[in-house]
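Just below is one structure, and these are the notes that go with it.
Note on naming: letters A, B, ... go to the chains in the order of the sequence lines (proteins, then strands), and numbering restarts at 1 for each one.
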There are 2 protein chains.
Amino acid sequence: MAPPTFAHVIILGIIEDQAAIRDALSEYLAAQPEFTCVLSTASHEEFMERLPDLAEPPTLVLSDIGLPGRSGIEGLAILRHALPMVEVLMLSVYTDAERVFEALRQGAVGYLEKTTPLPLLKEHLLQVAAGGSPMSPSVARHVTRYFRPLPPTPAESLTPREQDIVRGIEDGLSYKLIADRLHVSLDTVRSHIRQVYRKLHVNSKAEIMVRRQRPLLFW
Amino acid sequence: MAPPTFAHVIILGIIEDQAAIRDALSEYLAAQPEFTCVLSTASHEEFMERLPDLAEPPTLVLSDIGLPGRSGIEGLAILRHALPMVEVLMLSVYTDAERVFEALRQGAVGYLEKTTPLPLLKEHLLQVAAGGSPMSPSVARHVTRYFRPLPPTPAESLTPREQDIVRGIEDGLSYKLIADRLHVSLDTVRSHIRQVYRKLHVNSKAEIMVRRQRPLLFW
DNA sequence: ATAAAATTCACATCTTTATGCTATAGCGCT
DNA sequence: AGCGCTATAGCATAAAGATGTGAATTTTAT
């Protein structure tokens, strides 16, 4: 009996400057029945140039980050603009927070270390096609750290009513709208806000709002 | 020769209500030389009760989410309060965005599907000990979606200078400080902000700031 | 090259915020 | 009963923000 056929063969693109790695990737993956590799280049520029020549554009691109010329992250935005449906899996020796978040914010679907062995890489590519987002554990650690609870509040804790007020500010409401929402007078809102400012050592709504932003660790 | 010894044996705790799964986990893992399992309970309440009796507290807890009584996520905050250094790896049949983000925000170090085979689970636990954050691809997908670029701007796109202004607002700066940062006059900042407000259909700094919040998808 | 857009700045006006001071009513605690 | 804290509210003032109009200069695109 013939090997199982796949309703959707994954059409691969590869961007990787080191020829040895690039060839190893494309040869190994192209040999798998689940994949076709339609474009494999050493630079992002070349990839984008040759893209229009293809009969079928890739559905999944495996991209290095440390590329000569345009980096994989800069290229990511361009590539996703040209092919909005494409999924891009980053492959990099670098797993620092800055690059990881930049890649994710540009829409990378996953982020793997370059040391990932080929058979595992194949598994990960299949997982992408199945709606997953493979991430090396060291990469994912940046992400979990990002979501980790912020230290409660360095200042004295706020009373329930003061927290209502802060919520209003964080929702971008004016004093007037906060007053309406809480069914109190404008001056009462002023009173509470004054108290909140004292406790949190701030002196503008803007500072309240930035205060709750999750820091991107490398900033 | 004796099998390799481990400078740091990982001291495990397990919280899982289904006895069959709990036993399979603790038996399999306790049989590995890298692990010691010091506490294995069917509920979070029981886990916290028995915690003080231990000679050595766990350094890594494997916790189910769908527990009777206190859920794994509610318990996560309590557990991390009692043992601030502990790392908690969630194990759940549920991989919906709500639970994933809630767990991460409570400080979970990773999040795996319950279907993870035991040998792979062991690998993931070792990766946690090595500073990694294992996440099942379907879990990580929520995360990548969270970081994915927001649809550029439903309004007309902003000029570079206008983007500088918006960045200033998002950083919580006053008009004066934005002017200083960009080395322009206060009135110039006013001009740009007026223009930005027109383009984005807002009319306060606060609306600019809420605008950039990344939605948690399930809200 | 010429029009359109972007960047800069000024002056005016009105609204919203920030901040100080004061005060009353209700609650829980000693 | 008295103390401290919370929640409410008012009045006043100065600073910051929002908004209109106008205009000169530079950059970008047709």
Between [atom2] on [N] and [atom1] on [X], what's the gap in Å once rounded to a whole number?
{"X": "B/Glu207", "N": "C/dT16", "atom1": "CD", "atom2": "P", "value": "12 Å"}
{"X": "B/Lys199", "N": "C/dT7", "atom1": "NZ", "atom2": "C1'", "value": "11 Å"}
{"X": "A/Ile178", "N": "C/dT17", "atom1": "CD1", "atom2": "C1'", "value": "11 Å"}
{"X": "B/Ile165", "N": "C/dA6", "atom1": "CD1", "atom2": "P", "value": "14 Å"}
{"X": "B/Gln163", "N": "C/dA6", "atom1": "CD", "atom2": "P", "value": "11 Å"}
{"X": "B/Met209", "N": "C/dT17", "atom1": "CE", "atom2": "P", "value": "14 Å"}
{"X": "B/Leu186", "N": "D/dA18", "atom1": "CG", "atom2": "C1'", "value": "12 Å"}
{"X": "B/His192", "N": "D/dG20", "atom1": "NE2", "atom2": "C1'", "value": "17 Å"}

(message) Can you tell me if B/Tyr94 has over 12 outside heavy atoms packed within less than 6.0 Å of its OH?
(response) no
(request) Verify, without hydrogens or angle tests, whether A/His124 (side chain) and A/Leu89 (backbone) share a donor-acceptor contact under 3.5 angstrom. (result) no
(request) Verify, without hydrogens or angle tests, whether A/Ser26 (side chain) and A/Arg22 (backbone) share a donor-acceptor contact under 3.5 angstrom. (result) yes
Counting any heavy atom closer than 4.0 Å, what does [X] reach on the DNA or RNA strands: base, sugar-phosphate only, or nothing?
{"X": "B/Arg194", "value": "base"}
{"X": "A/Lys205", "value": "sugar-phosphate"}
{"X": "B/Asn203", "value": "sugar-phosphate"}
{"X": "A/Ser185", "value": "sugar-phosphate"}
{"X": "A/Thr159", "value": "sugar-phosphate"}

(request) List for me each residue that meets ring-ring contact (aromatic ring centres under 6.0 Å, His included) alongside A/Phe147, sequence neighbours excluded, and say none if there are none. (result) B/Phe101, B/Tyr146
(request) Measure from the side-chain heavy atoms of B/Ser204 and tell me the nearest of D/dA7, D/dA18, C/dT17. (result)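 The answer is D/dA18, which lies nearest to the side chain.
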(message) With hydrogens left out and only the distance checked, is there a donor-acceptor pair under 3.5 Å joining B/Arg190's side chain and the base of C/dT8?
(response) no
(request) Kindly indicate whether the side chain of A/Ser191 and the base of D/dA9 share any N or O donor-acceptor pair separated by less than 3.5 Å? (result)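 When only heavy-atom distances are counted, A/Ser191 does reach the base of D/dA9 through a donor-acceptor pair under 3.5 Å.
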Does [X] put a side-chain nitrogen or oxygen below 4.0 Å from OP1 or OP2 of [N]?
{"X": "B/Thr188", "N": "C/dT8", "result": "no"}
{"X": "A/Tyr175", "N": "C/dT15", "result": "no"}
{"X": "B/Tyr197", "N": "D/dT19", "result": "no"}

Which atom pairs, one a donor and one an acceptor, fall under 3.5 Å between side chains of residues 71-86 of chain B and the rest of the protein, sequence neighbours left out?
unit_1: B/Ser71; atom_1: OG; unit_2: B/Ile73; atom_2: N; d: 3.2
unit_1: B/Ser71; atom_1: OG; unit_2: B/Glu74; atom_2: N; d: 3.1
unit_1: B/Glu74; atom_1: OE1; unit_2: B/Ser71; atom_2: N; d: 2.9
unit_1: B/Arg80; atom_1: NE; unit_2: B/Gln106; atom_2: O; d: 3.1

(message) If we count only N and O atoms by modelled type, under 3.5 Å, do the side chains of A/Glu113 and A/Ser92 hold a donor and an acceptor together?
(response) no
(request) Between A/Gln195 and A/Val184, just flag the one whose closest nucleotide in DNA chain D comes earlier from the 5' side. (result) A/Gln195
(message) Need to verify one output field. Residue with the more 5' nearest nucleotide on DNA chain C, B/Pro160 or A/Lys176?
(response)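 The residue mapped nearer the 5' terminus is B/Pro160.
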